[in-house]
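Report on one structure; see the data block that follows.
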Amino acid sequence: MADCIFCKIIKGDIPYTKIYEDKDTLAFLDNSPASLGHTLVIPKKHSETLDQMEEKDLKSLILTAQKIAKAISQISKGYNLIQNNGKVAGQIVSHVHFHLIPRNKKTELNWTPSQKFSEKEIKEVTNKIKTLLK
Ligand code: 5GP
Ligand code: ZN
C-alpha cells in the first residue's frame, strides 16, 4: 500500500530499528514507546485489521510475536501484547500490528506522552533482545 507507513518501513523507505525479520514478518522498535523495548510485530503483507488477514499470515505473525515475547520475558518482569483494530479502538496505523510492551513496574501503561530513552538505552535494549532471539 503506497501510503502505508509500515509498508514503507518494510520497503526500507523509512529508517527504523530492526529487531527481527523473516520471510513473512518484521519486528522493530516503536518510535513512540510505552516502555523501553516496546516492539511492533507486523506481517509483510498489508492488511488493515486482524479479521482481514489470511490464516497462514496470521500464524506467521503470532509465531513471530511469541518469539519476541520469549526474548522480552527475559529482560522484563512481564509484558503486554496489544493489538488495536479500527480508529474507534485506538488504531492509528492501518497495517495490522502487535505491540509487545515490556513491563517492569506495576503502574498503568503510560503511552501518551510516549516515554523517552537515550540512544544508548535504545541500542542496549535492541542488542539484548536480538541476542536473546538466537
Ligand atoms: P496503533 O495505535 O495503531 O495500535 O499503534 C501504532 C504504533 O505505531 C504507535 O505506537 C506509534 O508510536 C507507532 N509508529 C507510528 N509511526 C511509526 C514509525 O514511523 N516508526 C515506528 N518505529 N513506529 C511508528
Ligand atoms: Zn501497510
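Just follow the structure's listing: the first ligand is 1, and inside any ligand the first atom is 1.
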Open item on the list: Using a 6.0 Å cut-off, check whether atom CZ of Phe28 has over 12 heavy atoms from anything other than its own residue.
Closed with: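 Yes, enclosed.
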Open item on the list: With a sphere of 6.0 Å drawn around NZ of Lys128, does it hold more than 12 non-hydrogen atoms of other residues, nucleotides or ligands?
Closed with: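 Incorrect, the count does not exceed 12.
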TODO: Hey, could you give me the NE2/CG distance between His99 and Leu40, rounded to the nearest 0.5 Å?
DONE: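 The distance works out to 5.5 Å.
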Task: Separation of Leu26 CG from Ile9 CD1 (nearest 0.5 Å) - done: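 Between atom CD1 of Ile9 and atom CG of Leu26 there are 7.5 Å.
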Open item on the list: When you measure from the side chain of Lys70 to the backbone of Leu132, do you find a donor-acceptor pair of N or O atoms at a distance under 3.5 Å?
Closed with: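 Here the side-chain-to-backbone pair does not exist.
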Task: Near ligand 1, at a heavy-atom separation below 4.0 Å: residues by chain and residue number - done: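 Residues Ile5, Phe6, Ile9, Phe28, Leu29, Asp30, Asn31, Ser32, Leu40, Asn84, Gly90, Gln91, Ile92, Val93, His97, His99, Trp111 each place a heavy atom under 4.0 Å from ligand 1, listed by chain and number.
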TODO: Report the residues that fulfil side chain to side chain contact (heavy atoms under 4.5 Å, CB included) with Asp51, sequence neighbours left out, ordered by chain and then residue number.
DONE: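 So Asp51 forms a side chain to side chain contact (heavy atoms under 4.5 Å, CB included) with Thr49.
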Open item on the list: Just to verify, what does Lys45 make a salt bridge (Lys or Arg N to Asp or Glu O under 4.0 Å) with, not counting sequence neighbours?
Closed with: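 Counting only residues at least two positions away or on another chain, Lys45 forms a salt bridge (Lys or Arg N to Asp or Glu O under 4.0 Å) with Glu54, Asp57.
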Task: Polar protein atoms (N, O or S) that approach the Zn ion (ligand 2) to under 2.8 Å - done: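 Listed by chain and number, the nearby protein N, O or S atoms are Cys4 SG, Cys7 SG, His46 ND1, His95 ND1.
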TODO: List the atom of Ala34, the atom of His38, and the distance in Å for their closest heavy-atom pair.
DONE: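 Nearest heavy atoms, Ala34 then His38: N-ND1, 2.9 Å.
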Open item on the list: Please verify the inter-ring angle class for Phe6 with His97; under 30° counts as parallel, over 60° as perpendicular, anything in between as tilted.
Closed with: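 Taking His97 first and then Phe6, their aromatic rings stand perpendicular (interplane angle over 60°).
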